[in-house]
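All values below were derived from every heavy atom in this structure, side-chain atoms included, with hydrogens, water molecules and symmetry-related copies excluded.
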Amino acid sequence: MKADGTGRKIHSLIDKVYHRANLELAWKLVKQNGGSGGIDNVRIADFERVAAEELARLHQQLKQDVYRPIPVRRVNIPKRNKPTETRPLGIPAIRDRVCQQALKNRLEPIFELTFSDCSFGYRPGRSTHQAMRKIYREIMNGCEWVVDADLRDFFGNVQHERLIDMISERISDGRILRLIRQMLEAGYMENGVKFQTVSGTPQGGIVSPLFSNIYLTPFDRAMENKGYRLIRFADDWVVLCKSREEAVKVFADAKVALEALGLTLHPEKTRITHISADLNFSAIS
DNA sequence: CTACGTAACAC
RNA sequence: CUUGUGUUACGUAG
């Protein structure tokens, strides 16, 4: 183990994680089969025995470096605001979710230290409320022009090689890096047909939100280095500007920074506004 | 602070 | 077999 090996090995983190997943599954099972008679103790005991076996197998596979994630199950759900459009979820198997949780537990404390102060999405101790407060503070400082932007299919366009490069700046354990690569390249299953994944990190994966912040941190830094007042929540970000001219420049610079990551702006959800309309992360469009 | 549960919000 | 992360509020038990 190298510099990042100060923490526990990933397979030693599995136990706690699995306990949670175990209970969650047991509960689903009870709800499915129980119905009238309440909790069926026999079924839970039976389930927990199988779960314990699965856990032991997972430990063993990770220790011996023979663990392979299976393709995620893809299901398209309608978007909240627009019922016509759908969003592809990639749902990993329970066993793989357990593994991802253990991975996240290990990666998060390391990468939290590298994240920018302007990043508010999916981060412990940070909320939309805090992001809003920062926006209002900048408006009070005289920033009346708002660049309001969204990335086109961000989760689907994460480039595997770039992401792994970024992770390897802090993680030198080759086993962990191989594990991440396998998760990214596991592919997906839709209507019983297997597809390969050339890019993207599955929406529904436990590590995906963390990956999204790792992937966009170079963008955060690039914008900060230009002196822009960026506030980012996942793939949704705003820059507060003192003039319309500055706002126009933000677009050009953002485009360049995003291009390096293989990302483009969503044209319909990206615009410049003046603070006459109200502003928040939900009512952006 | 931990564990179980409910609800809401963001993406 | 509609997922995930994060935040917040509340209830119960330590």
Side-chain angles (χ1 to χ4, degrees), chain A residues 15-34 39 44 47 69-83 85-109 111-112 115 118-135 148-158 183-184 186 188-192 200-216 231-238 263 266 269-270 278-285:
Chain A
D15 276 317
K16 193 179 176 188
V17 167
Y18 205 86
H19 184 64
R20 278 190 119 114
N22 185 357
L23 291 175
E24 180 194 331
L25 271 190
W27 177 239
K28 280 183 185 170
L29 197 69
V30 168
K31 268 162 88 173
Q32 251 176 38
N33 303 333
I39 296 172
I44 290 180
F47 176 83
I70 66 173
V72 298
R73 182 167 52 93
R74 171 157 296 192
V75 56
N76 291 300
I77 62 163
K79 285 184 177 175
R80 180 186 315 201
N81 295 334
K82 291 194 172 183
E85 291 178 34
T86 61
R87 165 166 76 116
L89 287 184
I91 305 160
I94 296 287
R95 183 194 67 140
D96 296 332
R97 270 188 256 165
V98 170
C99 194
Q100 284 195 26
Q101 182 71 53
L103 181 67
K104 175 185 163 288
N105 289 351
R106 209 185 133 172
L107 295 187
E108 190 164 68
F111 282 95
E112 267 298 316
F115 289 158
C118 70
S119 164
F120 287 90
Y122 315 125
R123 292 186 58 189
R126 286 169 167 257
S127 63
T128 48
H129 187 83
Q130 286 173 291
M132 293 293 302
R133 243 196 342 199
K134 189 164 179 179
I135 290 173
D148 175 1
D150 206 276
L151 304 182
R152 188 195 308 223
D153 189 18
F154 167 58
F155 280 92
N157 282 316
V158 167
M183 284 174 176
L184 292 172
Y188 63 95
M189 199 74 88
E190 188 168 22
N191 300 325
T201 178
Q203 302 188 45
I206 288 174
V207 279
S208 293
L210 177 63
F211 285 167
S212 78
N213 279 331
I214 294 172
Y215 198 73
L216 285 178
I231 291 108
R232 185 174 64 77
F233 198 106
D235 67 333
D236 198 342
W237 53 269
V238 297
L263 300 171
H266 194 121
K269 296 182 182 172
T270 300
D278 51 356
L279 174 76
N280 58 50
F281 277 110
S282 65
I284 264 167
S285 59

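- In plain terms, the two heavy atoms of A/Leu216 and A/Asp235 that are nearest each other are CD1-CA, 4.4 Å.
- Looking at heavy-atom distances under 4.0 Å, A/Ile91 makes contact with sugar-phosphate atoms alone, never a base.
- Within the nucleic acid shown, A/Ile206 comes within 4.0 Å of sugar-phosphate atoms alone, with no base atom in reach, counting heavy atoms only.
- Defined by atom type and a distance below 3.5 Å, a donor-acceptor pair is present between the side-chain atoms of A/Asn105 and A/Gln101.
- Close to C/rG6, at under 4.0 Å from its OP1 or OP2, lies a side-chain N or O of A/Lys104.
- Per the geometry, CG belonging to A/Leu103 stands 17 Å off P belonging to C/rG4, to the nearest Å.
- If you take atom P in C/rU3 and the same atom in B/dT6, they sit 13 Å apart, rounded to whole Å.
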For nucleotides 7-10 of chain C, which of its nitrogen or oxygen atoms have a protein nitrogen or oxygen under 3.5 Å away, and what is each distance?
residue : atom : partner  : partner atom : Å
C/rU7   : OP1  : A/Gly125 : N            : 3.0

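- For A/Arg74 and C/rC1, the CZ to P distance is 21 Å, given to the nearest whole Å.
- A/Glu112 contributes no side-chain N or O that, together with a main-chain N or O of A/Pro109, makes up a donor-acceptor pair within less than 3.5 Å.
- Within the 4.0 angstrom heavy-atom criterion, only backbone atoms of the sugar-phosphate kind lie near A/Gly205; the bases stay farther away.
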Dot-bracket assigned to RNA chain C with the 3.5 Å Watson-Crick/G-U criterion, [ ] for crossing and | for other-strand pairs, is ...|||||||||||
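- At C/rU5, one or more side-chain N or O atoms of A/Gln101 fall inside 4.0 Å of OP1 or OP2 (strictly under the cut-off).
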